[in-house]
Q: 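Dropping the structure in here first, questions after.
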Amino acid sequence: MPTKFYLTTPIYYVNGKPSIGHAYTTFVADTIARYQRMLGKEVEFLTGTDENSQKNVEAAAAAGREDDIQGYLDEMAALWQRTFDSLGITNTRFIRTTEADHHKAVEAFWKRVEAKGDIYKGTYEGLYCGKCEAFYTENDLEGGLCPFHKTKPDHIKEDNYFFALTKYRDALLEHIEKNPEFVQPKERRNEIVSYIKNFMTDVSVSRQTMKWGIPVPGDETHRLYVWFDALINYITGVGFATDEKKFDRFWPADLQLVGKDILKFHCALWPAMLMSAGLPLPKVVLAHGFFTVDGQKMSKSLGNVVDPVELSEQYSPDIIRYYAIRDIRLGDDGDFSHDRLRARYETDLANELGNLVHRVLTMTEKYTDAKVPEKAQGEILGAWQEYQQAMTDYRLTDALDIIWAVIRRTNQFIEQQQPWALAKLEEKKMLHDTLYVLLETLRHIAWMLWPFMPDTAEKMFTKLGLEVPKEFSQSVESAWVWGELKPGSGVEKGEPLFPRKE
Ligand code: ME8
């Protein structure tokens, strides 16, 4: 059986359509999923929608659908799913927390935690931001306001069920200490350690006032706090309480990708819940940064929320994912800039990659009748090793830098060899060797590029006379050997990959 790899994105609220922020996390996940498949692993890739949230209920009401919340959720979830499909996302399951499977999993999970003695009844009195659906202490606030919404949190007092989160303080700290790869990147690790040590409290995990959400097992007068239910989606997604065989194969997750806004939930609450339920913890939680759009925070009120579908119609999903992953270093905060997107399109894509492919194929048509010439020696293994290391460490931006270094070197090689001069001088052997090296390098570039820009890579394979399914039926180890491109096979220049824009 092949090795497995299980990765997840957050499940998103459906109170609006996907923004470029949501698409970013999902693009990053898709890139990693494709790379892991390229290594021959059996990949489970989960994304989906977080539907038991008060935010969704409010959005349904605002749309005049308060009597048809489920119908509203169905439509919105379908919209999210369609969006991810149209963006070329290769998730293996799209989970919705209103699914029957998920309710089963939540019930089974709750019972385990309760049996462990980690649920108790108490009175919650404190601060609550309804927009975040999160509790805050005075310490968390900025000038008395929610740090995310800049609004005054509500003071609430309610009889709730509590989860004994603080019972796991030492165990969490020990786990993070012993497993430095658990929270990534490093800055986030310091942040979470400080939170666990100094600020973490038990959390209320039920609400009496809520009408939407999963009822507390055994006490239908309460509904589960949405985060307690939402986090469980990650195990529902691989069969917890419904398909034990699948669950044993895929859990724990190899990678859980989140934005840094939901770090605490994923690196404190979630692992403590798992410890309580006696389940293993995910291997890595990787929190990426937040980005602004053209220097401004993205918000509905500013009207600057970027729709990834509209932008992809103008460019293409490949181009958007390339831009976002190259320009915003994974883990850092950044800015999504329309000007830089355009500049990178023109420079990196049209001038550097597109031009390289076009030039090499034009020369092959001209000098060797569009046939791959006899094999010649070349070197690419060093780049593969660096690329692989970067991909293993989830340094995606570095991996793109490595690919672009190859592209630049290859463009320089053309300038240096001057195939057109070799043709004039009738230096056939040298001309053919040069063309072989160039064509074979394009094949390697296409392979490395595939997780990031699948359509572009597949077009490159086609131009090189390779069949996409056949290419991927071999292992990456055999693909990165030098000299796989067969002499005598035909290539076809076709349309430019990145035509100049008006
Ligand atoms: O938090 N920059 O869902 P959500 C980078 N349902 N990433 C961004 C972004 C930006 N400007 N805007 C959004 C929730 N994101 C919960 C999660 S998981 C059990 C429950 C991405 O719809 C980023 O991944 O508010 C962030 O963590 C996520 O969208 C929040 O999505």
Side-chain angles (χ1 to χ4, degrees), residues 7-30 32 46-59 73 76-77 79-80 83-84 89 95-98 102 105-106 109 129-134 146 148-149 188 213-214 224-237 253 255-271 273-274 282 285-300 302 304-308 320-321 323-325 327-337:
L7 83 164
T8 65
T9 71
I11 47 170
Y12 305 106
Y13 295 127
V14 291
N15 56 340
K17 50 184 188 173
S19 77
I20 193 71
H22 304 115
Y24 173 71
T25 315
T26 317
F27 279 148
V28 167
D30 188 64
I32 296 169
L46 183 75
T47 190
T49 43
D50 188 352
E51 302 190 5
N52 300 316
S53 157
Q54 204 51 35
K55 286 184 213 288
N56 300 330
V57 176
E58 282 160 21
L73 295 175
M76 291 306 283
L79 170 77
W80 278 72
T83 301
F84 288 158
I89 303 300
I95 193 165
R96 302 182 51 195
T97 52
T98 48
H102 182 62
V106 168
F109 193 89
C129 172
K131 290 190 178 129
C132 291
E133 285 177 281
C146 160
F148 297 102
H149 295 96
R188 298 279 101 84
I214 302 181
L224 275 179
Y225 170 48
V226 65
W227 272 98
F228 197 85
D229 122 48
L231 289 162
I232 296 170
N233 95 83
Y234 299 130
I235 56 176
T236 309
L255 175 65
Q256 300 210 259
L257 263 174
V258 296
K260 68 170 190 182
D261 55 329
I262 52 178
L263 183 76
K264 277 199 274 184
F265 294 107
H266 286 83
C267 296
L269 178 58
W270 177 226
M273 283 166 64
L274 289 165
V285 178
L286 175 62
H288 64 67
F290 249 59
F291 53 82
T292 47
V293 167
D294 296 327
Q296 277 186 313
K297 192 184 153 165
M298 228 188 329
S299 81
K300 272 187 200 161
L302 284 174
N304 65 343
V305 178
V306 176
D307 179 338
I320 311 300
R321 55 200 272 168
Y323 166 71
I325 297 174
D327 223 42
I328 302 165
R329 182 164 294 274
L330 188 60
D332 291 356
D333 289 337
D335 181 49
F336 191 99
S337 145

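All ligand and atom numbering here is 1-based and tracks the order in the structure.
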Q: Show which atoms of ligand 1 fall inside a sub-4.0 Å distance from at least one heavy-atom site of Gly21.
A: 7 (N), 8 (C), 9 (C), 10 (C), 12 (N), 13 (C), 15 (N), 21 (C)
Q: Judging by distance only, is a nitrogen or oxygen of Asp50 under 3.5 angstrom from one on ligand 1?
A: yes
Q: Among all protein heavy atoms, pick the one closest to atom 2 (N) of ligand 1 and tell me residue, atom and distance.
A: Phe291 N, 3.2 Å
Q: Angle between ring planes, Phe290 versus His288, binned at 30° and 60°: parallel, tilted or perpendicular?
A: parallel
Q: Is ligand 1 under 4.0 Å from a heavy atom in the side chain of Asp261, in the backbone, in both, or in neither?
A: side chain
Q: Could you identify the single nearest non-hydrogen protein atom to atom 17 (C) of ligand 1 and state the distance to 0.1 Å?
A: Ile11 O, 3.1 Å
Q: Which heavy atom in Ile214 sits nearest to a heavy atom in Val106, and how many Å separate them?
A: CD1-CG2, 4.0 Å
Q: Please state whether Gly289 comes within less than 4.0 angstrom of ligand 1, counting heavy atoms only.
A: yes
Q: Calculate, to the nearest 0.5 Å, the distance between atoms CD1 and CG belonging to Ile11 and Asp50 respectively.
A: 4.0 Å
Q: Might you point out which heavy atoms bring Leu274 and Pro282 nearest each other, and give the distance in Å?
A: CD1-CD, 3.6 Å
Q: Looking only at non-hydrogen atoms, find the nearest pair between Phe265 and Leu231 and report the distance.
A: O-CD1, 3.8 Å
Q: Does any N/O atom on Gly259 come nearer than 3.5 Å to any N/O atom on ligand 1?
A: yes
Q: Among Lys260, Lys297, Arg188, exactly one meets salt bridge (charged side-chain N to carboxylate O under 4.0 Å, His left out) together with Asp333. Which residue is that?
A: Lys260
Q: Go through ligand 1 atom by atom and flag the ones less than 4.0 Å from a non-hydrogen atom of Ala230.
A: 19 (C)
Q: Could you tell me whether the side chains of Glu51 and Thr97 share a donor-acceptor contact shorter than 3.5 Å?
A: no
Q: Quick one: closest heavy-atom pair of Ser19 and Val305, and the distance?
A: CB-CG1, 3.6 Å
Q: Nearest heavy-atom pair of Met298 and Gly21: which atoms, and what distance?
A: CE-N, 4.0 Å
Q: What orientation do Tyr12 and His22 show, parallel under 30°, tilted 30 to 60°, or perpendicular over 60°?
A: perpendicular
Q: Among Phe336, Phe291, Tyr24, find the residue that satisfies the ring pair (Phe, Tyr, Trp, His ring centres under 6.0 Å) test when tested with Tyr323.
A: Phe336
Q: Taking distance alone, with no angle check, do Met298 and ligand 1 share an N/O pair under 3.5 Å?
A: no
Q: Return the closest protein heavy atom for atom 29 (O) of ligand 1 as residue, atom name and distance.
A: His22 CD2, 3.2 Å
Q: Considering all heavy atoms of both residues, which atom of Arg96 and which atom of His102 are nearest to each other, and what is their separation?
A: O-CB, 4.2 Å
Q: So is Trp227 close enough to ligand 1, meaning a heavy atom under 4.0 angstrom away?
A: yes
Q: Measure the distance from atom 19 (C) of ligand 1 to every protein heavy atom, then report the residue, atom name and distance (to 0.1 Å) of the closest one.
A: Tyr234 OH, 3.4 Å
Q: Please determine if Leu231 has a nitrogen or oxygen closer than 3.5 Å to a nitrogen or oxygen of ligand 1.
A: no
Q: For atom 1 (O) of ligand 1, what is the nearest protein heavy atom, given as residue, atom name and distance?
A: Ile262 CG2, 3.6 Å
Q: Examine Tyr13 against ligand 1 and note whether any of their N/O atoms are separated by less than 3.5 Å.
A: yes
Q: Where is the nearest protein heavy atom to atom 28 (C) of ligand 1: which residue, which atom, and how far?
A: Tyr12 CE2, 4.1 Å
Q: Please work out, at 4.0 Å between heavy atoms, whether the side chain, the backbone, both, or neither of His288 comes within that distance of ligand 1.
A: side chain
Q: Which atoms of ligand 1 sit under 4.0 Å from any heavy atom of Thr25?
A: 21 (C), 23 (C), 24 (O)
Q: May I ask you to identify, for Phe265, whether its side chain, its backbone, both or neither come under 4.0 Å of ligand 1 on a heavy-atom basis?
A: neither
